[in-house]
Amino acid sequence: MENKLKTSKNGSAGSKKAALDFSSGWNYDPSPESKDHIRLEKKYGLFINGEFVKPSSGKYFGTINPANEEHLAQVALAEEKDVNDAVKAARTAYNKVWSKMPAAERGKYLYRIARMIQERSRELAVIESMDGGKPIRESRDVDVPLAAAHFFYYAGWADKLDYAFPNRKVSPLGVAGQIIPWNFPLLMAAWKIAPALAAGNTVVLKPAETTPLTALKLAEIIRDAGLPPGVVNIITGAGKTGASIVNHKDINKIAFTGSTDVGKLIQRAVAGTDKKVTLELGGKAANIIFEDAPLDQAVEGIINGIFFNQGHVCCAGSRLFIQESVAAKVIRKLKARMESLIVGDPLDKNTDIGAINSKMQLEKIREYIGIGKNEGAEFYESSCSIPSKGYFCRPTLFLNASQSHRVVQEEIFGPVLTVQTFRTVEEVIEKANNTPYGLSAGVWTDKGSKIFNMMSKMRAGVVWANTFNKFDPTSPFGGYKESGYGREGGLHGLMGYVNLK
Ligand code: NAI
Ligand code: MG
């Protein structure tokens, strides 16, 4: 079977002995999710004005499965003329149909899209894992259900905008240009499209070049849901296509999630125009463990925060701070748990850590691992096996790291965790806040008062307490400082898509 990649030699569940002795050497049998039900075209056009059309240049590019480097499909390369066509379709749909439609009718379309995502959830989850490399457990249990949940949530707001913003006159902005990254392709599309449509805007969305397939599947769903042509346009391409969207004169709003570098370029490009902008950029989240924390639970939270999904999460808990008195114990538990992680085939239900999204990203992570070693932090990696083909990286620690290390300051976006210790609350707050980012943080303690104290002093958009990476459509998400501005999710998520008078 082609999916049968070699997985870790270790297991962690099933018998008491195995739970205690991670080197017991027994295997899980492979349990790959079937691909038989997947329908992928050989070639995808651009979804403009309700149908798939050929790109004006006639150019296509390939997307691969990063777990085995196999080619999956060709997708169209949109150039300026195609961006123009997409914006024109969105503008016409906005003027003639979408802004005129009773809000409750808009809501009905969103509900329909949400239900169709649920109906096609298996196919979407498998394609997400094939195209981007994330474990099927995550795409099946997190990405796809949350994508549907966002459409359901914003469907409910469509005809209640006057209640969302009482005593204000609410109107849509017009055409929104939306550019999304490769770490949560379908979910980011849902985060962007659902609130925009609920508020009465039309959309031109561009997925990332390494993970275009679930966005194109969403285009099929949108077409099959009978959404009026032009309300949502989905075009594929790389940075240049993104820049054409950003610079287009007839776009009223840019919503971007991705690297801080590109975020800064976008900010410069829209300066002096009347385009509205929301940016969700990088992060370098602190995960802080106090001596009174439930340690086993905390270790599981650390693992989940940085290693699951290969650290490809902007809010990943990439900096660990442990109170000195429990540091040795936590590190021992952490290393033991890392030994039991299974790195391998993203489609296997046992897999904890899938493939790194692209060769470029793997090279970036390797470069940072080299930097960390040179800087003098103590390097540790799990001894788990990794497949010989595809882009994989073992879960890695840098122990005794210091504030000035680049691996502590810069976003790596891989399964690499820096570990530092602290003695007092004041010390850890200062260290945790000492980065250019401010997207999220985690606090582990038994004391409610300590949680509230930490939350008020951490410069982070989200602070999780005794858990990590928990999302809900009702809850706003976004950052401070170089992590961007604007909020997505919840009522706040609508604000980026409306004019209020
Ligand atoms: P990127 O920021 O280049 O790509 C994100 C999206 O922006 C893609 O759709 C891309 O095609 C588009 N884009 C690229 N250049 C553009 C431009 N000049 N104008 C408009 N759109 C443009 O991110 P990349 O290169 O894929 O990853 C580099 C690093 O960025 C990662 O290593 C990670 O540190 C960070 N990153 C952060 C993400 C987050 O969720 N905050 C997501 C992805 C990457
Ligand atoms: Mg791909």
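Residues take their numbers from the sequence shown, with the count starting at 1. Order of appearance sets the numbers: ligands from 1, and atoms from 1 within every ligand.
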T210 and ligand 1 - part of the residue with a heavy-atom distance under 4.0 Å: neither
Structural part of I180 in contact with ligand 1, heavy atom criterion under 4.0 angstrom: backbone
Heavy-atom nearest option to atom 31 (C) of ligand 1, drawn from E411, E410, K364: K364
Option nearest atom 44 (C) of ligand 1 (shortest heavy-atom distance, choices F256, Y368, F413): F413
Those atoms of ligand 1 less than 4.0 Å from some heavy atom in [X]:
X	value
P181	42 (C), 43 (C)
Q361	31 (C), 32 (O)
A208	9 (O)
C314	39 (C), 40 (O), 41 (N)
E209	8 (C), 10 (C), 11 (O)
A238	11 (O)
T257	40 (O)
G242	19 (N), 20 (C), 21 (N)

Side chains of M130 and L213 in contact at under 4.5 Å (non-hydrogen atoms): no
So which protein heavy atom does [atom] come closest to, and at what separation?
atom	value
atom 3 (O) of ligand 1	V262 CG2, 3.6 Å
atom 25 (O) of ligand 1	M360 CE, 4.6 Å
atom 19 (N) of ligand 1	A243 N, 3.5 Å
atom 15 (N) of ligand 1	G239 CA, 3.4 Å
atom 30 (O) of ligand 1	S259 CB, 2.9 Å
atom 24 (P) of ligand 1	W182 NE1, 3.7 Å
atom 41 (N) of ligand 1	L281 O, 2.9 Å
atom 18 (N) of ligand 1	L265 CD1, 3.8 Å

Within-cutoff protein neighbour (heavy atom, under 4.0 Å) for atom 21 (N) of ligand 1: yes
Set of side chain to side chain contact (heavy atoms under 4.5 Å, CB included) partners for K240, sequence neighbours left out: none
Spell out, as yes or no, whether a donor-acceptor pair under 3.5 Å connects the side chain of [X] to the backbone of [Y].
X	Y	result
T396	R394	yes
K276	V498	yes
E280	G479	no
S440	C315	yes
R459	K481	no

Backbone or side-chain N or O of I179 under 3.5 Å from ligand 1 N or O: no
N-O pairing of R122 and E33 below 4.0 Å: yes
Salt bridge E128-R140, side-chain N to carboxylate O under 4.0 Å: no
Axial cation check for F184 ring with K134, 6.0 Å and 45° limits: yes
Six-ring centre of F379, K373 cation under 6.0 angstrom, axis tolerance 45°: yes
Whether over 12 other heavy atoms sit under 6.0 Å from H248 NE2: yes
Closer than 2.8 Å to the Mg ion (ligand 2) - protein N, O or S atoms, ordered by chain and residue number: T63 OG1, I64 O, D131 O, D131 OD1, T210 O
Y153 and W157 aromatic ring geometry - parallel, tilted or perpendicular at 30°/60° bounds: perpendicular
